[in-house]
Amino acid sequence: MTPPDELRSSLMQLLETEALFGIRELPVRRGVDTAKPARPSREVRIPSAPAAEPAAENNTARLRVLDEQQVKGCQKCGLHQGRTQTVFGQGHPSARLVFVGEAPGFEEDRTGLAFVGRAGQLLTNMIQAMSLTRDEVFICNVLKCRPPNNRDPAADEISACSPYLFEQLSIIQPEVLIALGSPAAKTLLNTGESIGRLRGRFHDFYLSGLPGVGAAVPLMPTYHPAYLLRNPADKAKTWDDLQKVMAKLGLTARKRT
Ligand code: URA
Ligand code: SF4
């Protein structure tokens with residue numbers, strides 16, 4: 001390619017990524033929206049089990065027991081003191097794809113739901129760009145309580161809380177995992193490697209917690225949406241990562257118009 005072609009092509013890529021999950025271009029829909037979608041999708045739906053199926057019902061019950069009997073009243077680390085409420089996570093109880101973030105922020109602590117603030121809006125756009133909806137995937141965090149002023153999770157908080165995450169994953173049994181940002185990737189992969197070096201390829205996640213024991217689940221680390229809000233130029237790399245996950249799940253991207 002000649003330099004102007006190269007420039008045009010990387011500009012096009014940037015624009016496409018922005019259109020796919022740029023927060024300004026694709027606002028989340030609030031309430032009932034009867035307007036025709038500006039960007040019709042090819043309606044590729046993830047073929048997960050409908051919620052009424054016995055496996056999903058059973059998972060819903062097991063997740064509820066974990067939440068209500070263990071997480072909601074948990075005082076295993078100091079973060080219980082400052083929380084309004086715990087944030088268990090939400091979505092499809094037998095989702096093929098699970099997103100793992102870091103910890104609840106202000107809005108999450110207030111509402112009890114994972115990823116509902118500004119980073120959550122960008123995550124919604126990312127999920128929609130993958131031709132999925134939030135209801136079809138499961139979204140949760142390493143920590144279930146908000147750290148004061150959204151500071152980074154401490155090592156003792158991660159070790160106190162991560163058994164809940166591992167239990168959630170062993171109930172849901174996803175086919176693929178996406179770790180959003182460094183704390184999620186490091187916790188799930190038990191590594192100190194930076195997110196910049198981990199992202200872009202699948203790693204083996206072992207539900208058993210023991211490398212090499214039991215089945216491995218492919219895990220894609222990528223940038224956290226809050227980081228992408230501050231560094232939008234890295235959205236293109238995240239879109240590459242998400243496309244690899246789509247290929248793994250047999251999903252087709254929304255048709256570009
Ligand atoms: N950031 C996270 O990591 N998780 C949330 O739920 C919200 C913001
Ligand atoms: Fe318990 Fe996790 Fe909350 Fe700490 S962050 S109190 S371990 S639920």
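Order of listing sets the numbers, starting from 1, for every ligand and every atom in it.
Close approach to His224 involves these atoms of ligand 1, each under 4.0 Å from a residue heavy atom: 1 (N), 2 (C), 3 (O). Close contacts of ligand 1 with Gly101, meaning ligand atoms under 4.0 Å from a residue heavy atom, involve 3 (O). Residue Glu102 has at least one heavy-atom neighbour below 4.0 Å for each of these atoms of ligand 1: 2 (C), 3 (O).
Listed by chain and number, the protein atoms of type N/O/S under 2.8 Å from atom 3 (Fe) of ligand 2 are Cys145 SG; waters are omitted.
Taking the side chain as every heavy atom from C-beta outward, His80 and Gln75 approach each other to under 4.5 Å. Considering only heavy atoms from C-beta on, Leu229 comes within 4.5 Å of Arg118 through its side chain.
Heavy atoms of other residues, nucleotides or ligands lying less than 6.0 angstrom from CZ of Arg151 number more than 12.
When the ring-ring contact (aromatic ring centres under 6.0 Å, His included) test is applied to Phe166, the partners found at least two apart in sequence or on another chain are Phe205.
With 3.5 Å as the limit, one finds a donor-acceptor pair spanning the side chains of Lys144 and Gln168. With 3.5 Å as the limit, one finds no donor-acceptor pair spanning the side chains of Asn59 and Ser94. Using modelled atom types, one finds no donor on one side chain facing an acceptor on the other under 3.5 Å when comparing Asn58 with Arg62. No hydrogens or angles considered: a donor-acceptor pair under 3.5 Å links the side chains of Glu136 and Thr133.
Residue Phe115 has at least one N or O atom closer than 3.5 Å to an N or O atom of ligand 1.
Considering only non-hydrogen atoms, atom 7 (C) of ligand 1 lies nearest to Glu108 out of Arg146, Glu108, Glu107, Lys144. Counting only non-hydrogen atoms, the option in Leu143, Asn150, Asn141 that gets closest to atom 4 (N) of ligand 1 is Asn141.
Within the structure, ligand 1 lacks Gly120 among the residues with a heavy atom less than 4.0 angstrom away.
Between the Gln173 side chain and the Ser170 main chain, a donor and an acceptor come within less than 3.5 Å of each other.
Taking a cutoff of 4.0 Å between a charged side-chain nitrogen and a carboxylate oxygen, Asp234 and Lys237 qualify as a salt bridge.
Regarding atom 5 (C) of ligand 1, its nearest protein heavy-atom neighbour is Ala103 O, 3.4 Å.
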